[in-house]
Amino acid sequence: MKTSSPVGSKLTLPLTFFLLAATEYSVAGSNEADTDKTVVMDTINVTGKAVKTDKDTETVEDTPSTSIKDVFEKNISVGVGGPTATSQKVFVNGIEETNLNVQIDGARQVNNIWHHNANLLIDPGVLKAVSVDAGVAAADAGPGALGGSLRYETKDVDDMLQPGRDYGAFLSGGFASNLDTFTKSGAAYGRYRDVEAMGYASHAEGGNYDAGNGDPVQGTGTNLLSALGKLAYTAEGGHRFEASAQHLSDDEIRPFRANFAAVRGQTLLSENIFNRNTANFKYSTRQPSKFYDPEVRFYYNDTSLSRPNRNGGFRPGYFDSTIESVGATALNRVKTPLGELSAGMDFYQDRALTDNFRDASMTETARNLGGFAQLRGEPADLLKFSGGVRLDSQEFESVDRKLFDNTGASPNVSIGITPLPDLTLNGSYSYVFGGIQLAEAALFHTMPYSAYSADLAAQRSTNAKAGLSYRLASVKFEGEVFSTRIQNTPAYQEGDDSFVRVNGPAVKTEGLNLGVGYQRANADFGAHYTNTEVSYDHSQLGTLAFYLGSPVGEIIKLHAAYAWPELGIKTGVSSEIALKYRFAQDSGNRDLNGYHTYNVFAQWQPNFYRGLTLRAEVNNLTDEDYTDRYTAGTAVGFITPLQNPGRSVLVSTRLEF
């Protein structure tokens, strides 16, 4: 028995959404200007700049985000599993983010420390834009984009300042009823001649939340600290130098396995200290020419997880682990008769260190030098093209001091054809060399995972997508089919008193995404549907496939918003509906229950002072008792997964000076 095919016949709901949107369009009329501002889903983007900012739909966009899940609530390709910041992981078409090239302000993130914790700790309050290349990524997106790329961009001084002003500040505060969490944040920013500076800080603190059934969920308290500083100088001739530093930390009592509520009925709690630090320096120009549009970047990133044993000595489950990464990118963009050519080189060195309080610290290192070229252009009026190639050379030194040298090429191509003014057909393909990923840093803390197979091979993947988009006045329809296959996944073979790292079977995701969006005047509506099947070694992927992916099945996301500009009021609603996911009877997994959640909000910015924002929202309006589709352990009988929060009322205010 197998779940329904991703391109099967279960299209009743998405077709209903299509008809609803068309009906709404026919009633509303078509005399409004086509703003082309609604981003329904991130499909194939031949320019390589699929960036959505809050300015794209500023009259209706629900800009505040309290978690990383809020950031992706309109993107059906992206799912977030885990209800707490330290358990959340991001999945793109069912593939976990460790198989993507993930960047924050251009700084590559490598955070596979401990499979029970989040890969990346990030504060959505400082985000300006997020770019998702699901599957196929451009050559200049960076190395290791096995399943695509994910790029976060934080706000600059220009994004914070009010028009016509050279300095400013804001203070904000909020309270969430279910979580008993208070959040305080503030920033100061300004520009003096050619110098810009900003500083931001935020602290959220609160207790455990209750699930939809009213039971408290232990180990879900909040103690999150975030800080960001930026400094920029623009010299004569447009030469711009930017430096930034970011710190995030979570220090709280968590379940012994942060993404499980209990194992075999036992709930164990321990101290869990998670830190991320990123430093970044960038040179660019604000006066580019035809042959000179450079970008040079240096970065440092470290992520650490400490689980101290207050009684001292070695005990399984207690360790200090850190992954440090340094890197650089240098590129130049040149205008050619065929389009813009982006070419350059990049480098990274990743190092994992683990102290298990018993033996000497264990280390593992990966170094990569890459060169790339990507051409983007419109060779004809009806044709857009993007194609490129990367060449990477990686040196990997394993924990048992074996050396692995691998070199590989990563070509990609994307084509967009517009046979009719409102119809675009897209297709893209990539073959990716991923090298050898660092092992999970904390894996060495208790078991002797100290041997590597001598024939360990580099990871490689193939990605393919095909889709279309069609606009009918204020209504936009989109659809795509996709496939990603990653070979030589990390796996371990049990031996005598040891586990040997070997090449694992392939993980594959394939499916169908559909979307419809409507935007007219101050109204915004969107409906998104996915039917995605993720397999491992030709069988359905389970819910404990750490660093690989998660089962998805059929999921629907809805959102709608309306604004009254003359009153300064916005209101909106969002919903996630997951249909039941069935495993094969002989798989040993339990079926995943379906669920549906609704969130509503209202926001007021009085016209007499636009610097004041008052907001109220209700998350999980119906108090649904559920665990979201991407949370680990939901299909395994001996694990009690973390339930999502029940109904919670959030009130917040923001005052800009």
To the nearest 0.5 Å, atom CD1 of I68 lies from atom CG of L120 at 7.5 Å

Could you tell me if the side chain of Q103 sits less than 4.5 Å from the side chain of S149, heavy atoms only?
no

So, the side chain of N620 versus the backbone of P645: is there a donor-acceptor pair under 3.5 Å, distance only?
-> yes

Applying side-chain contact (heavy atoms from CB on, under 4.5 Å) to S304 and not counting sequence neighbours gives N275, T322

Between D623 (side chain) and R647 (backbone), is there a donor-acceptor pair under 3.5 Å?
yes

Residues pairing under side chain to side chain donor-acceptor pair (under 3.5 Å) where one sits in residues 430-444, two or more places apart or in two chains, turn out to be N99-Q437, H115-E440, S430-N463, Q437-Q459

Check: Strictly by modelled atom types, are S131 and R151 linked by a side-chain donor-acceptor pair under 3.5 Å?
Finding: yes

Quiz item: Does any non-hydrogen side-chain atom of L438 lie less than 4.5 Å from one of I323?
Solution: yes

Taken in chain and number order and not counting sequence neighbours, the residues that satisfy salt bridge (charged side-chain N to carboxylate O under 4.0 Å, His left out) with D628 are K69

Scanning both residues in full, the closest heavy-atom pair of D392 with P143 reads OD1-CB, 3.9 Å

Geometric class of the Y452/F396 ring pair [parallel <30°, tilted 30-60°, perpendicular >60°]: tilted

Result for side chain to side chain donor-acceptor pair (under 3.5 Å) between Q643 and one of T220, D215, D625 points to D625

Q) Is the NZ or CZ atom of K89 both under 6.0 Å from the centre of the six-membered ring of F546 and within 45° of that ring's axis? A) no

For T631 and P641 the tightest heavy-atom approach is CG2-CB, 4.4 Å

Margin query: Within the 3.5 Å criterion, strictly below it, is a donor on T530 or N513 matched to an acceptor on the partner's side chain?
Written below: yes

- [ ] Could you walk me through whether H559 and F525 pass ring pair (Phe, Tyr, Trp, His ring centres under 6.0 Å), step by step?
- [x] CA-CA 6 Å; H559 72 268; F525 166 80; 7.0 Å; no

Under 3.5 Å: donor-acceptor pair, side chain of T267, backbone of A261
yes

### Query
Does the side chain to side chain contact (heavy atoms under 4.5 Å, CB included) test come out yes or no for F482 and T509, once each step is laid out?
CA-CA 8 Å; F482 61 86; T509 179; 3.7 Å; yes

Under the side chain to side chain contact (heavy atoms under 4.5 Å, CB included) criterion, do I104 and I122 qualify, and how do the steps go? CA-CA 9 Å; I104 299 177; I122 193 166; 3.9 Å; yes

Next on the checklist: I'd like to know if the side chain of N178 and the backbone of D210 have a donor-acceptor N/O pair within less than 3.5 Å.
Outcome noted: yes

Exercise. Please check if the side chain of N531 supplies one atom and the backbone of G511 the other of a donor-acceptor pair under 3.5 Å.
Key: no

The side chain to side chain donor-acceptor pair (under 3.5 Å) partner of Y581 among E554, R590, E533 is E533

Here the gap from F319 atom CZ to M362 atom CE, rounded to the nearest 0.5 Å, amounts to 11.0 Å

NZ (K508) and OG (S535) are apart, to the nearest 0.5 Å, by 6.5 Å

For L642 and T627 the tightest heavy-atom approach is O-CG2, 3.4 Å

Without swapping roles, check the side chain of E96 against the backbone of Y547 for a donor-acceptor pair under 3.5 Å. yes

Should V71 and V78 count as side-chain neighbours, where that means a heavy-atom distance under 4.5 Å? no

Problem set entry | Cationic N near anionic O, under 4.0 Å, K74 to D524 | yes

inquiry  = Pair N93, T484 - check side chain to side chain contact (heavy atoms under 4.5 Å, CB included), show working.
reply    = CA-CA 9 Å; N93 288 336; T484 292; 5.7 Å; no

### Message
Would you say S453 and D455 are linked by a side-chain donor-acceptor pair, where the criterion is simply a distance under 3.5 Å?
### Response
yes

Residue pairs passing the ring-ring contact (aromatic ring centres under 6.0 Å, His included) test with at least one member in residues 617-636, sequence neighbours excluded, are F91-Y630, Y595-Y626

Problem set entry | Heavy-atom donor-acceptor pair, Q394 side chain to T407 backbone, under 3.5 Å | no

Contacts of A118 meeting side-chain contact (heavy atoms from CB on, under 4.5 Å) (sequence neighbours excluded), chain-then-number -> none

Here the pair of heavy atoms bringing V136 nearest to S428 is CG2-OG, 3.5 Å

All heavy atoms of A451 vs all of D400, minimum pair found to be CA-OD2, 3.5 Å

Exercise for review: Taking Q540 for its side chain and A584 for its backbone only, find out whether a donor-acceptor pair lies under 3.5 Å.
Suggested key: yes

OG1 of T489 to CG of L548, rounded to nearest 0.5 Å, is 5.5 Å

(Q) Are I577 and L558 packed together at the side-chain level, in the sense that at least one heavy-atom pair is separated by less than 4.5 angstrom? (A) yes

- request: List the steps, then state whether side chain to side chain contact (heavy atoms under 4.5 Å, CB included) holds for V500 with V502.
  value: CA-CA 6 Å; V500 180; V502 297; 4.2 Å; yes

Exactly one of T543, T532, V534 clears side chain to side chain contact (heavy atoms under 4.5 Å, CB included) with P551, and that residue is T543

**OP:** Give a yes or no on whether the backbone of L579 and the side-chain of R629 come within a donor-acceptor separation of less than 3.5 Å.
**Re:** yes

Would you say that W114 contacts S321 through its side chain, given a criterion of any heavy-atom pair below 4.5 Å between the two side chains? no

Q.
On the six-membered ring of F433, is R460 placed so that its NZ or CZ lies under 6.0 angstrom from the centre and within 45° of the ring axis?
A. no

Exercise. Got L514 and H528 here, is their nearest side-chain heavy-atom distance under 4.5 Å?
Worked result: no

Sorted by chain and number, sequence neighbours left out, salt bridge (charged side-chain N to carboxylate O under 4.0 Å, His left out) with R307 holds for none

When rounded to the nearest 0.5 Å, the distance separating CG of L146 from OG1 of T462 is 10.5 Å

query = Between D350 and R108, is any pair of side-chain heavy atoms under 4.5 Å apart?
reply = yes

Tightest non-hydrogen contact, residues N101 and A141, listed as OD1-O, 3.2 Å

Point to revise | E576 side chain to T597 backbone, donor-acceptor under 3.5 Å | key: no

### Task
Could you tell me whether E252 and R254 have a side-chain N and a carboxylate O separated by less than 4.0 Å?
no

Contact check, side chains of I95 and I486, non-hydrogen atoms, under 4.5 Å = yes

